[in-house]
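Residues take their numbers from the sequence shown, with the count starting at 1. Counting convention: from 1, in listed order, for ligands and their atoms alike. Keep in mind the model is a prediction, meaning the values are calculated, not measured.
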Amino acid sequence: MANLIAPDVRRQPVSVTRKMSASLPGLRKLAQDKGLKIHHLGAGYPHPEVSDPREFLDAQQAYLEQMTANEGLNDPLALPEHTREEFAYGDTLGPMRTRQIFSRIYGRDWQTRMKPELLVPTVGATGGISLVCSIFENSGTPLAYITDAPTYAGFMARAGLCQHAAIYSVEMDDEGPRPEVFKNQIRAAREAGRFVPFYYTIPDGHNPAGFSFSAHRREAILNIARDEGILIVEDAPYLYINFAEQADRVMPFLSLDPAQTVHLFTGSKIGFPGPRVAFLYSEAELEIAEGATATLAELALVQSSADILFHNPAAFRGFEALLHERKCADEPFTERNSLWSVAEGKLEVYRENRAIMLRGFDKELGAHKDLFHWTVPAAGFFSVFTFLGGGVRTDDDFIQAMVADYGLVVIPMYDFYPPDARVRNPVAGYDQLRISFCFSESTGEQRRKDLTEAIDVFCNAVKQIAGISGN
Ligand SMILES: Cc1ncc(COP(=O)(O)O)c(C=O)c1O
């Protein structure tokens, strides 16, 4: 038999979330055989209550009919131009009109004037991560990616595909990455002969760290990135899944300095994940060969043309429909002023779930703050729960026992720490869990009941584990 695997192809480790979903059916059965109900505090998926597409599909259809009417065709059998475009090869940048509308609305929401010609479509934020990595990887130069410890598993998986890229990670405190460590890691990577193109992070609703960076820390990190000449890749899926009051919302790196930032917008959480509509946006200019310069958007476009060539124009048209609203079915669609009105439809559920989780933790564990800590997320889907007392190791066996003994599905944190962070601290994350409050199978009142029960079962379990049961 031919050996199809090249000898130097590195084996990708299987992520803990994948291992978890593979072992879940068996564990679920074990728990159910004991009469235990399964409680979901692990999955990072949009809630079914806010991801039913039927209303959206009706609005999309009506929006397309309005587009047809606006074309003013005399012949009722003529093919509308927008339909022809949706089914033809298009521009690698996607339809100009969608990008123009999106840049106006998003720019208004985040107080920056965006240039639609610098918006590069990507296949989800996942595709954005891959695109920005590919821009720098193709030359073959040894690279270092700076990121947080812990960081997003999808970023680690993508970075791990490149054999000449290494991750240099930065520990965080409760305001964000530690500035001194950030600077030192950039310098250490350069001393090791690596080119440092960017720092990848999720400043709002960090997945998995369960908090948002303070405004002050963003400034400090941005100043270092400017001084050191590296870009900040800002992955922003939870920017609108935001629980702060309007006046307290912290601006993303995109608003602070679009020339130092590569911002990744995705429609997955504010809209729907299936259509994979997302954009990379950057006003950065880079030096390329022989002193010439190019915008990062141009480089991304060249890379994207080779990888994807044409995005799905119908998906963009659907996204364009989401950027419009109408007061009632008889009224025409008009461009939205803001995406916050779309977010509000989702936030109702996430806000309520977050409050149920935090209220439950406070009520059941508030008297034991010496033993337990949990982050209070200003955005996103997650809180990180830490056992402070020592003696608890949240490894795979612990996670399996949580399902088998209590019916609780939670995610361990250790796997989100990049390899270099685990060398510095071999027990990094082994006292932590990622608790997600975004997903349950039930909706409405049953959702509230199920989550309340899940948090109750969780609190009782951790009290038992910490040896304070019944207190
Ligand atoms: C930090 C982060 N980046 C990217 C993604 C994936 O985004 P998309 O669905 O747009 O690929 C997620 C989704 O869970 C995420 O949490």
Side-chain angles (χ1 to χ4, degrees), residues 15-18 20-21 40 42-47 50-51 53 94 102 106 119-134 145 147-160 167 169 172 176-177 198-213 232-242 252-254 262-281 304 307-308 311-312 315-316 318-319 322 339 343 346 350 375 377-384 411 413 415-418 434-439:
S15 79
V16 83
T17 32
R18 276 210 187 285
M20 189 71 199
S21 26
H40 290 283
Y45 300 138
H47 198 277
V50 294
S51 40
F102 175 73
Y106 204 65
L119 272 174
V120 181
T122 62
V123 182
T126 308
I129 292 170
S130 185
L131 183 58
V132 73
C133 289
S134 300
Y145 295 139
T147 190
D148 308 312
T151 192
Y152 175 50
F155 175 69
M156 273 199 282
R158 175 58 186 80
I167 284 184
S169 64
M172 296 188 279
F198 61 75
Y199 159 57
Y200 166 85
T201 190
I202 314 107
D204 289 280
H206 195 291
N207 177 8
F211 76 111
S212 299
F213 298 174
I232 296 176
V233 175
E234 174 174 55
D235 192 2
Y238 308 105
L239 207 48
Y240 287 96
I241 310 298
N242 200 311
F253 286 111
L254 165 74
V262 182
H263 183 83
L264 304 181
F265 164 83
T266 173
S268 290
K269 305 297 189 299
I270 190 168
F272 300 91
R276 316 302 294 137
V277 173
F279 293 107
L280 173 156
Y281 183 81
S304 181
D307 276 352
I308 294 166
H311 287 271
N312 177 348
F316 281 92
F319 181 67
L322 195 73
L339 272 174
K346 316 260 170 184
Y350 297 129
T375 62
F381 285 171
F382 312 105
S383 167
V384 168
I411 300 292
M413 283 292 289
D415 206 38
F416 298 125
Y417 284 79
R434 192 191 73 177
I435 304 298
S436 102
F437 55 89
C438 53
F439 180 81

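Here the protein heavy atom with the shortest distance to atom 16 (O) of ligand 1 is Tyr238 OH, 2.6 Å. The protein heavy atom nearest to atom 13 (C) of ligand 1 is Lys269 NZ, 2.9 Å. Annotation: atom 11 (O) of ligand 1 to nearest protein heavy atom, Thr126 OG1, 2.5 Å. Scanning all protein heavy atoms for the shortest distance to atom 12 (C) of ligand 1 gives Tyr152 OH, 3.4 Å.
Of the residues Tyr417, Tyr199, Tyr200, the one that meets the side chain to side chain donor-acceptor pair (under 3.5 Å) test with Asp148 is Tyr199.
Outside the 6.0 Å centre-distance limit, the rings of His40 and Phe437 are not counted as a close aromatic pair. A distance below 6.0 Å separates the ring centres of Phe102 and Phe319. Tyr350 has its ring centre less than 6.0 Å from the ring centre of Phe381.
Those atoms of ligand 1 with a heavy atom of Ile202 less than 4.0 angstrom away are 1 (C). Here is the list of ligand 1 atoms found below 4.0 Å of a heavy atom in Ser268: 8 (P), 9 (O), 10 (O). Close approach of ligand 1 to Pro237 (heavy-atom distance below 4.0 Å) involves ligand atoms 1 (C), 2 (C), 3 (N), 15 (C). Within ligand 1, counting atoms from 1 as listed, the ones closer than 4.0 Å to a heavy atom of Arg276 are 8 (P), 9 (O), 11 (O).
Residues satisfying the salt bridge (Lys or Arg N to Asp or Glu O under 4.0 Å) test with Asp235, not counting sequence neighbours, are none. Partners of Asn242 according to the side-chain hydrogen bond (donor to acceptor under 3.5 Å, both in side chains) rule, which considers only residues two or more places apart in sequence or in another chain, do not exist here.
An N or O contact shorter than 3.5 Å links Ala125 to ligand 1 by distance.
No part of Phe155 comes within 4.0 Å of ligand 1, judged by heavy-atom distances. Contacts with ligand 1 closer than 4.0 Å are made by side-chain heavy atoms of Asp235 only, the backbone lying farther away.
The aromatic rings of Tyr45 and Phe439 sit perpendicular, their planes meeting at an angle over 60°, well past the 30° parallel limit.
Between the side chains of Ser134 and Arg158, at least one donor N or O lies within less than 3.5 Å of an accepting N or O.
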